[in-house]
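First up is the structure itself, then whatever we jot down about it.
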Amino acid sequence: MGSVTAYVPLEELTDTEEAVRTAFDSGTRLDLSGRADRAVRGEVLAALLVGAYPLGVGAMPALRLDGAHVTGRWDIEGREVGAVITLQRCEFEHAPVLRMARLVALSLRGCRMPGLSARNLRVGSDLLLESGYTCAGVLDLTDATVEGTLRLAGAVLRNPGAAAFLGARLRISGSIHAVALQVFGELRLRGANIGGSVRLTGATLSHPSGTALEATGLTVAGDLFCDAGGSGFDAAGTTILSGARIGGDAVFSGAQLHDARGDDGHVRVLPRGTVDDHYVLDADRLRVDGDVKLDEGFTASGTVGLRSAQIGGHLLLSGATIGHRPAVAELAKAFAEGRAVTRVPIALVADGIEVRGDVEARGSVGGKVDSDGNPGTALRAYGQVRLVDAHVHGSASLSRARLRGPAIDVLFADRLRVGGTLFLRKVRASGSIRLQNAHIGSSLDCSGAHLTKPRLRPDGTLKPSLDARVATVGKDLLCSYGFRAIGGVRIRLVEVGKMVTFAGARLGGRTRPRHLLTDKALSAYGLSAQELVLVFPERRPPQGTVILTRATVVSVIDGPGLWAATGGVEIEDFTFTALTAVPDVPVKTRLLWLRKVQPDFAPGPYERLAAVYSEGGEEELAQQVHLERQRRRYAELHLAGRLWGRLQDITVGYGYRPWLAMVWLALFWLLGMLWFSDHLMEKLDNDVNPVWNPPLLATDLLLPIIDLGQDNKWRMVGASQWISGVLIAVGWILATTAATGATRVLKRG
């Protein structure tokens, strides 16, 4: 070894230091806590460890020292030490220097020091900094290697306003056990590689002005625990896990994350969609092979970021509270005043996230709580929840969640993909839910949801409360059992595999008096489904227009509430093959509904309704619809057209009642026969002797073209001349209208 002149000579050792040297020689534990003189110079400890003092025969050196007061500098930089180092409850005047040292084992349980410089340190077993270990400066383990477990349970690290623990690229073969750790300053684990788990259960991390936990690129083979445990995990400042890799679960159950900088958490929406945001949990590009648990009382007083995260198991949010509560009051004020919001508070941003299991945000299920979960422990979000381009391979349940974002899209999930069912049952959302271009493998279940205070457009008008245009739903779209949407529902060009139901739903209206009203209660333009249920409460019909234009369904179930919509019902090119009403209604009632919602005549709805009746074998009902269509058609023509239409209606029912022509023919034939029975006419040609036959004469006059040998054989004079003219005219009119009706019947066939 080097010269001993760098260390304290043997003859200058104090009695206490000599006792330490003697105990080191045999590896005996020495407790100095009861001595009057507990001072030991750091230079003496360094000399012992590097072999500067001679050892006795058969020595088994180990430094086991309790209760010492270490003065001077303990510096073994770059040295290789073969002896075990166990220091307990020792106090250091200066920060030990262990840079690039190679140690067999190091334990500093309960020690107090102003810092620890240990960059590139290598420890061949566990590194013990626990049981009251206190560091009042920087604990620097940058690029260090621990071939065991790093134990920091109960330790206190203080360096407020700066880094308290530097562990960038730290390599640990075992785990980090830091239960109830207290860090005042930044805890940095950037790029660290942990062979086991990281357990920060019940830890307190405080760096309000900046980053509390910096773990960008952290790799953990096992689990990451930042959960409450017994005393509660609390982080004041940003927690960063961007790009981290967790081989097991990432557990934040019951954790409290907040930022004491006073940031309002708003996001300013800038051109091209860029935003200026700030997180309390930044886990963008996080990769977890197991579950991510942000549940059981997890609270984040700010934004949680999970953009492009990959989760191999489930994402659990039950019992979580996320977002900026103070911002909601400002949003509610803007909605009441009809002001569009340009700064959006973000609660959760998970754009591009992939979850191979389920997303579970409903309250815990148990006891007497129904299957929708416990409303007291469901997710609560204050601000926008973003799931744009997210992919959930299983199902996603936000049942009973409380989403607060008046005047904004409180759930923004364009192009969301869910392999199973998206449950929004009994959600209470103050704000709009946006699911444009979403793809739901099974059902979208919004049963019992209440959607109030929807997003406002720049001009102050209301956006839809539920906007799922161009979405695809593999099975059912359920908006029933008390579903309420103040801003209405937009399901334009949506494809649904089976049923769409609004049974008992309330669309439109006001959250409070003097609030705005929507103009479109239901926009289902181009909707495609097997069954469509539009049964609304009669006392609370849709407040606004119901648009069914170009929708295509197999079966429709409706009721009076639909046709009482305050803005009318648009049904041009609405295609369906079966129709049922609840309760059942006669065809006359349906025709009144059509007349009410279509002040301007359009043939399409009548033709479709008639086709439905006809295909169902109810030809008489189909004829009634056709008659009404023709009546409305001719009623909008000029005077001559209206008169001609009226004549066709009376005579042959526009061809749909051909038997009327026979009735009219029989009536005029009877009148003609009776007249000519009492009024014998003179023959025109004396050379011809026709037989006077009143019945045959009336028949010949009424039937055009056909000659029965009576017409033009008699001289009609006086009133008989007029009677014969009327019979001829009636015959031609009835023949013409009958031919028109026959042509229509043939075309319809």
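What you see is a predicted model, and the numbers here were worked out from it, not measured in a lab.
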List the steps and the verdict of side chain to side chain contact (heavy atoms under 4.5 Å, CB included) for Asn374 and Arg400.
CA-CA 7 Å; Asn374 186 343; Arg400 292 191 180 274; 6.0 Å; no
Checking side chain to side chain donor-acceptor pair (under 3.5 Å) for the pair Thr204/Asp234: CA distance, chi angles, key distance, verdict?
CA-CA 5 Å; Thr204 299; Asp234 187 284; 5.8 Å; no
Would Gln436 and Asp467 satisfy side chain to side chain donor-acceptor pair (under 3.5 Å), going step by step from the backbone distance to the final call?
CA-CA 6 Å; Gln436 292 183 15; Asp467 186 354; 2.9 Å; yes
Leu435 vs Ile440, test: side chain to side chain contact (heavy atoms under 4.5 Å, CB included). Steps then yes/no.
CA-CA 10 Å; Leu435 298 168; Ile440 313 299; 5.9 Å; no
Going through the distances and angles, do Leu257 and Phe298 end up as a side chain to side chain contact (heavy atoms under 4.5 Å, CB included)?
CA-CA 8 Å; Leu257 309 182; Phe298 171 83; 3.7 Å; yes
The test is side chain to side chain contact (heavy atoms under 4.5 Å, CB included); show your working for Phe165 and Leu152 and say whether it passes.
CA-CA 11 Å; Phe165 181 96; Leu152 288 160; 4.1 Å; yes
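For the pair His207 (side chain) and Leu213 (backbone), a donor-acceptor distance under 3.5 Å is absent. Side-chain atoms of Thr134 come within 3.5 Å of backbone N or O of Gly132 as a donor-acceptor pair. Not one N or O on the side chain of Arg151 forms a donor-acceptor pair closer than 3.5 Å with the backbone of Leu129. With hydrogens and angles disregarded, a donor-acceptor distance shorter than 3.5 Å links the side chain of Arg428 to the backbone of Lys426. Side-chain N or O atoms of Thr501 include one that pairs as donor or acceptor with a backbone N or O of Ala503 at under 3.5 Å. Judged by distance alone, with hydrogens and angles left aside, the side-chain atoms of Asp291 form a donor-acceptor pair with the main-chain N or O of His314 at under 3.5 Å. Checking side-chain atoms of Ser432 against main-chain N and O of Pro454 turns up no donor-acceptor pair under 3.5 Å. At distances below 3.5 Å, not a single donor-acceptor pair connects side-chain atoms of Ser301 with backbone N or O atoms of Thr299.
Residues Val388 and Arg415 form a side-chain contact, since some pair of their non-hydrogen atoms from C-beta on lies under 4.5 Å apart. Side chains of Pro375 and Arg402 form a contact here, defined as non-hydrogen atoms less than 4.5 Å apart. Here the side chains of Phe225 and Asp249 are not in contact, with every heavy-atom distance at 4.5 Å or above. Taking the side chain as every heavy atom from C-beta outward, Ile322 and Leu379 approach each other to under 4.5 Å. Side chains of Asp223 and Val251 form no contact here, defined as non-hydrogen atoms less than 4.5 Å apart. Taking the side chain as every heavy atom from C-beta outward, Phe483 and Leu507 approach each other to under 4.5 Å. Side-chain contact between Arg356 and Gln310 is absent, with no heavy-atom pair separated by less than 4.5 Å. Between Ile353 and Ile311 the shortest side-chain heavy-atom distance falls below 4.5 Å.
Here the shortest heavy-atom pairing between Pro345 and Leu331 reads CG-CD1, 3.6 Å. The nearest pair of heavy atoms linking Arg457 to Pro464 is NH2-CD, 4.3 Å. Residues Leu116 and Cys135 approach most closely at N-SG, 4.0 Å, considering heavy atoms. For the residue pair Ala300 and Val280, the shortest heavy atom distance occurs at CB-CG2, 3.8 Å. Heavy atoms only, all atoms of each residue included: Gln256 and Gly297 are closest at NE2-O, 3.2 Å. Contact record, Ala255 with Cys226: CB-O, 3.3 Å, taken as the closest heavy-atom pair.
For the side-chain contact (heavy atoms from CB on, under 4.5 Å) criterion with Asp143, the lone passing option out of Leu166, Asn120, Leu170, Leu121 is Asn120. Remark: of the listed residues Ile176, Leu150, Thr149, Leu150 is the sole one forming a side-chain contact (heavy atoms from CB on, under 4.5 Å) with Leu127. Among Leu451, Leu478, Leu444, the one residue that satisfies the side-chain contact (heavy atoms from CB on, under 4.5 Å) test with Leu424 is Leu444. With Leu527 as reference, Ile491 is the one residue of Leu493, Ile491, Leu477, Leu522 to meet the side-chain contact (heavy atoms from CB on, under 4.5 Å) rule.
Judged purely by distance below 3.5 Å, without hydrogens or angles, the side chains of Arg245 and Thr219 never pair a donor atom with an acceptor atom. A side-chain donor from one of Ser242 and Asp282 sits under 3.5 Å from a side-chain acceptor of the other. For the residue pair Asp445 and Ser447, a side-chain donor N or O sits within less than 3.5 Å of a side-chain acceptor on the partner. Side-chain polar atoms of Thr216 and Glu214 form a donor-acceptor pair below 3.5 angstrom. For the residue pair Asp358/Ser395, the side-chain donor-acceptor check at 3.5 Å is not satisfied. Side-chain atoms of Asp227 and Thr201 include a donor-acceptor pair closer than 3.5 Å.
Here the straight-line distance linking atom OH of Tyr279 with atom CD1 of Ile240 works out to 11.0 Å at 0.5 Å rounding. Leu316 contributes atom CG, which lies 8.5 Å from atom CD of Glu296 (distance to the nearest 0.5 angstrom). Remark: Asp126 CG to Glu147 CD distance equals 11.0 Å, nearest 0.5 Å. To the nearest 0.5 Å, the span separating CG on Asp351 from CG on Asp389 amounts to 7.0 Å. Atom CZ of Arg404 is separated from atom CZ of Arg325 by 10.5 Å, given to the nearest 0.5 angstrom. The CG atom of Leu224 sits 9.5 Å away from the CG atom of Leu189 when rounded to the nearest 0.5 Å.
The residues Asp476 and Lys498 are annotated as not salt-bridged, no charged nitrogen and carboxylate oxygen being separated by less than 4.0 angstrom. Ion pair Asp372/Arg362 not flagged as a salt bridge, since none of the NZ, NE, NH1 or NH2 atoms sits closer than 4.0 Å to an Asp/Glu carboxylate oxygen.
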